[in-house]
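Predicted model, so just to flag it, every value in this text is computed and none were measured. The figures here come from the full heavy-atom set of this structure, side chains too, leaving out hydrogens, waters and symmetry mates. First the proteins, then the strands, lettered A, B, ... as listed; each starts at 1.
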4 protein chains.
Amino acid sequence: MRREPSQERSRATVDRILGAARTVLAERGYDGAGTNRIAAAAGVGPGTVYQYFEDKDAILDRVLEQVSEDLEARILRAFLGTLHHEHDTVRANVEMLLDALTAEPGLVRALAEHAPRTLGSRRRGFAQRVDQLVAGTLLAQHRDESARVETVAWMLVRVAEHVTISWVLEAPDVPRETLVEELSAMIGGYLARLGVPAAD
Amino acid sequence: MRREPSQERSRATVDRILGAARTVLAERGYDGAGTNRIAAAAGVGPGTVYQYFEDKDAILDRVLEQVSEDLEARILRAFLGTLHHEHDTVRANVEMLLDALTAEPGLVRALAEHAPRTLGSRRRGFAQRVDQLVAGTLLAQHRDESARVETVAWMLVRVAEHVTISWVLEAPDVPRETLVEELSAMIGGYLARLGVPAAD
Amino acid sequence: MRREPSQERSRATVDRILGAARTVLAERGYDGAGTNRIAAAAGVGPGTVYQYFEDKDAILDRVLEQVSEDLEARILRAFLGTLHHEHDTVRANVEMLLDALTAEPGLVRALAEHAPRTLGSRRRGFAQRVDQLVAGTLLAQHRDESARVETVAWMLVRVAEHVTISWVLEAPDVPRETLVEELSAMIGGYLARLGVPAAD
Amino acid sequence: MRREPSQERSRATVDRILGAARTVLAERGYDGAGTNRIAAAAGVGPGTVYQYFEDKDAILDRVLEQVSEDLEARILRAFLGTLHHEHDTVRANVEMLLDALTAEPGLVRALAEHAPRTLGSRRRGFAQRVDQLVAGTLLAQHRDESARVETVAWMLVRVAEHVTISWVLEAPDVPRETLVEELSAMIGGYLARLGVPAAD
DNA sequence: AATGAATGAGACTTCATTCAT
DNA sequence: GATGAATGAAGTCTCATTCAT
């Protein structure tokens with residue numbers, strides 16, 4: 001008569017809650033993600049949720065953090081991959097960004113929906129890390145003007161992020177190929193001014 | 001000295017309610033803008049609100065619409081004004097955009113916070129009108145390639161809008177002057193590719 | 001420059017309010033008859049209603065009283081008329097009762113709907129007057145057993161009233177002619193036991 | 001000594017809510033039976049009520065249904081019991097009906113008060129089942145004229161129901177014994193015409 | 001560790017009534 | 001006498017959170 005190790009069970013429960021929260025968030029949006037619904041989707045009682053999370057926001061913050069990290073990891077991997085390419089790094093990255101964001105539109109929407117509520121308070125980790133990653137890459141390719149590089153990175157991240165997100169959420173009458181073309185052109189042109197070879 | 005017409009009183013009350021809603025929205029965000037709080041801020045009873053608005057969303061929709069229109073009017077006026085300038089139209093527009101968005105950051109945040117919830121359903125009027133305005137202007141300066149012009153306009157609006165909004169909401173460590181410089185450079189460079197003289 | 005005599009104007013206003021209340025009551029039932037709706041239907045302001053009526057119930061009580069009196073008058077007239085007939089008085093009265101109740105089903109429903117709420121408190125005038133009328137008629141035809149006569153009258157009124165009202169409200173699968181036949185038979189048979197000639 | 005099963009606790013709570021609703025309904029009528037009052041009377045929070053009932057009407061519908069069923073069961077049992085009697089079945093049934101209706105006058109009032117609001121839409125089950133029961137019994141005693149039998153049953157049920165209910169609610173100056181006498185006479189006389197032996 | 005019944009503050013909304021004009 | 005804007009108590013319902021088991 002062996003009882004399952006408690007640590008392992010706890011871990012499994014937390015995972016189920018987070019997984020359920022992620023699903024609910026993707027399907028019903030931020031305001032539709034109530035604690036009771038999450039608990040039900042996880043197959044646990046409402047009380048169980050509070051064994052592992054301070055309050056409702058703690059759950060969703062964690063999920064959003066996780067979503068961010070998933071995106072970040074994916075983007076980072078792809079980003080680093082493009083550095084080996086001989087040309088059209090920018091375009092490859094835009095493509096990759098669109099792939100990442102189109103994979104789970106519901107979560108992207110939840111992320112976009114929730115972001116303005118917490119900006120200035122907490123959960124800015126994701127964006128900052130991406131900022132630094134991009135800044136670092138730019139710096140590696142173009143050593144001087146380090147001060148300006150941070151601003152450029154900040155701008156690039158916002159432009160790439162919001163144009164692609166808007167395209168996903170608004171579903172405007174613009175083909176993906178056209179979007180890639182134009183966004184790459186804009187970013188490429190901008191980078192060219194920085195002294196970075198446009199097509200690399 | 002005639003008695004105050006009842007129409008006028010009603011009008012005044014509606015204005016107080018809308019004004020209060022605007023204030024509450026700016027100070028406490030979309031979810032913090034409850035009917036009771038709005039009524040209290042307006043100095044009227046909860047019931048009064050329902051003499052003039054169908055329900056809670058009707059109030060906030062109206063306020064958001066109003067905020068959008070105020071921004072639109074301001075941007076439109078400034079945008080048209082810049083057309084007379086001999087050079088640096090882009091920069092002037094970026095400046096103007098920042099002025100408009102910095103005036104009431106709370107409302108801009110509320111707008112950004114609520115937008116993703118309704119995207120795809122209703123209230124896309126503001127963005128669409130701006131898209132068309134920009135497209136029209138581009139077309140006036142550069143007659144051919146009309147198909148591409150719409151995509152370009154769509155991109156420009158998103159880039160200008162989100163970069164400035166992000167700067168307002170995130171308050172990053174980037175001076176305003178630098179932002180204006182960089183954003184103008186990016187947009188100017190992009191427009192140059194379209195065949196539009198970059199600095200006019 | 002003559003101003004309309006105030007008494008007359010007042011009277012007209014009261015009539016419009018009562019008429020509107022009657023209409024609203026017939027169309028939307030007791031719970032749907034709100035003061036604001038009545039005022040609107042009467043083409044007056046809500047405040048005006050309170051110049052003439054203590055409160056909401058005062059209006060509806062008055063309307064219901066009026067409806068009762070209309071029915072009573074109609075029934076009384078017909079009832080007295082049947083006394084001259086040589087036979088089948090009962091049947092003639094049942095017919096007449098159905099005519100009266102089918103004329104305005106909405107109001108009959110409102111009456112039936114509201115009756116149980118006030119029974120035991122107020123507004124029993126109508127039923128009592130009808131009771132006495134019937135008792136008087138029975139007494140005129142059958143002098144002795146006066147004590148029993150009151151009970152018989154009470155029963156007759158309830159039976160005639162509720163069977164016809166149920167038929168109007170429930171709209172069961174029973175033709176009117178059949179109902180008249182059966183109800184007359186029941187009442188006639190009952191009266192026969194009292195010593196009153198069944199067909200008179 | 002095992003822990004109280006959760007099902008049992010839920011069941012107990014539902015029972016307390018229904019019991020409280022029944023009490024409130026009896027004491028304050030349909031319109032006085034608010035969710036908060038019911039919850040308070042049940043000794044639970046307002047939210048608890050909504051764990052078990054869709055909305056306010058669901059509670060009251062359930063209670064009224066229950067009251068109807070209680071009455072039906074009681075009436076049915078007594079009705080069947082009288083079939084064995086050698087004579088005066090009718091009188092015995094009238095007595096029984098009065099017993100049933102006098103037991104909880106407040107609930108009978110609530111039932112009578114609410115019935116006209118829903119007539120023609122839903123919840124006519126009780127009356128219909130009684131109609132059929134009576135029709136069936138009549139048919140068993142008097143095989144032919146089956147068409148007429150349904151009308152007769154419908155009439156009998158309304159007469160018995162409304163005369164007794166009126167007597168309970170109006171509390172007129174008629175002794176119970178007299179009422180029984182007269183009502184039995186009326187029904188008995190009517191049945192005699194149908195070919196059913198009057199006193200059996 | 002897990003449960004899930006229970007909570008209760010607070011949200012939105014209605015409507016009979018009042019009162020300054 | 002009439003108005004109708006304003007009121008505010010009270011009603012229904014939700015949902016993040018707690019706690020006895």
#### Entry: Rounded distance in Å - CD (A/E54) to C1' (F/dA16)
13 Å
### Message
As a quick check of understanding, evaluate side chain to side chain contact (heavy atoms under 4.5 Å, CB included) for D/V14 and D/F53, giving each step before the final call.
### Response
CA-CA 9 Å; D/V14 170; D/F53 298 93; 4.3 Å; yes
### Query
Expressed in angstrom and rounded to an integer, what is the separation of B/L60 atom CG from E/dC12 atom C1'?
12 Å
### Task
Determine the contact category for C/V49: base if any of its heavy atoms lies under 4.0 Å from a base atom, sugar-phosphate if only primed atoms, P, OP1 or OP2 are that close, otherwise nothing.
nothing
#### Entry: Test side chain to side chain contact (heavy atoms under 4.5 Å, CB included) applied to A/E54 and A/D61, step by step
CA-CA 11 Å; A/E54 179 74 12; A/D61 279 0; over 6 Å; no
### Query
Can you tell me if D/R37 uses its side chain to pair, donor with acceptor, with the backbone of D/G32 under 3.5 Å?
yes
#### Entry: Whole-Å gap separating C1' (F/dC15) and CD1 (A/I38)
12 Å
### Query
Can you tell me how far the CD atom of B/Q51 sits from the OG atom of B/S10, to the nearest 0.5 Å?
8.0 Å
## Note on the structure
Heavy-atom closest pair (D/V168 atom, D/P105 atom, distance to 0.1 Å) is CG1-CB, 4.0 Å
### Query
Knowing that exactly one of B/L64, B/I165, B/L25, B/V63 qualifies, which makes a side chain to side chain contact (heavy atoms under 4.5 Å, CB included) with B/L111?
B/L64
### Distance, rounded to the nearest Å, where D/F53 contributes CZ and F/dT12 contributes P
15 Å
### Task
Could you check D/V14 against C/Y50 and say which one's nearest nucleotide on DNA chain E is further toward the 5' end?
D/V14
### Student check: side-chain heavy atoms of A/R11 and A/D15 closer than 4.5 Å
yes
### Trace of the side chain to side chain contact (heavy atoms under 4.5 Å, CB included) decision for B/T48 with B/R16
CA-CA 11 Å; B/T48 303; B/R16 285 171 67 199; over 6 Å; no
### Task
Assess whether side chain to side chain contact (heavy atoms under 4.5 Å, CB included) is satisfied between B/Y52 and B/L18, documenting all intermediate values.
CA-CA 10 Å; B/Y52 303 101; B/L18 287 174; over 6 Å; no
### Task
Side chain of A/K56 only, please: which of E/dT17, F/dA16, E/dA6 is the nearest?
F/dA16
### Side chain proximity check, C/R62 to C/I17, heavy atoms < 4.5 angstrom
no
## Note on the structure
Of D/T48 and C/T13, the one whose nearest nucleotide on DNA chain F sits closer to the 5' end is C/T13
#### Entry: Atom-pair distance (CZ on C/R16; P on F/dG1), nearest Å
16 Å
### Query
Which of residues 19-27 of chain B have a heavy atom under 4.0 Å from DNA chain E?
none
### Query
What nucleotide among E/dA2, F/dT7, E/dT7 has an atom nearest to a side-chain atom of B/V44?
F/dT7
### Query
Quick one: which of E/dA5, E/dT13, E/dA16 gets closest to the side chain of D/Y52?
E/dA5
### Query
Which residue lies toward the 5' end of DNA chain E, A/G43 or D/P46, if each is placed at its nearest nucleotide?
A/G43
### Query
Is any side-chain N or O of B/Q51 under 3.5 Å from a base N or O of F/dA5, one able to act as donor and the other as acceptor?
no
### Message
From CD1 of C/I59 over to C1' of E/dC15, roughly how many Å is that when rounded to an integer?
### Response
13 Å
### Nucleotide of E/dC12, E/dA2, F/dC15 approaching A/N36 most closely (side-chain heavy atoms)
F/dC15
### Query
Between A/T35 and D/D55, who's closer to the 5' end of DNA chain F by nearest nucleotide?
D/D55
### Query
To the nearest Å, how far apart are A/D31 CG and E/dA11 P?
15 Å
### Query
DNA chain F: stems of at least 3 consecutive Watson-Crick or G-U pairs, cut-off 3.5 Å?
E:2-21 with F:2-21
### Query
If you check the B/R37 side chain, which of F/dA6, E/dA11, E/dA2 turns out closest?
E/dA11
### Query
Which part of the nucleic acid, if any, lies within reach of B/G47 when heavy atoms closer than 4.0 Å are counted: base, sugar-phosphate only, or nothing?
base
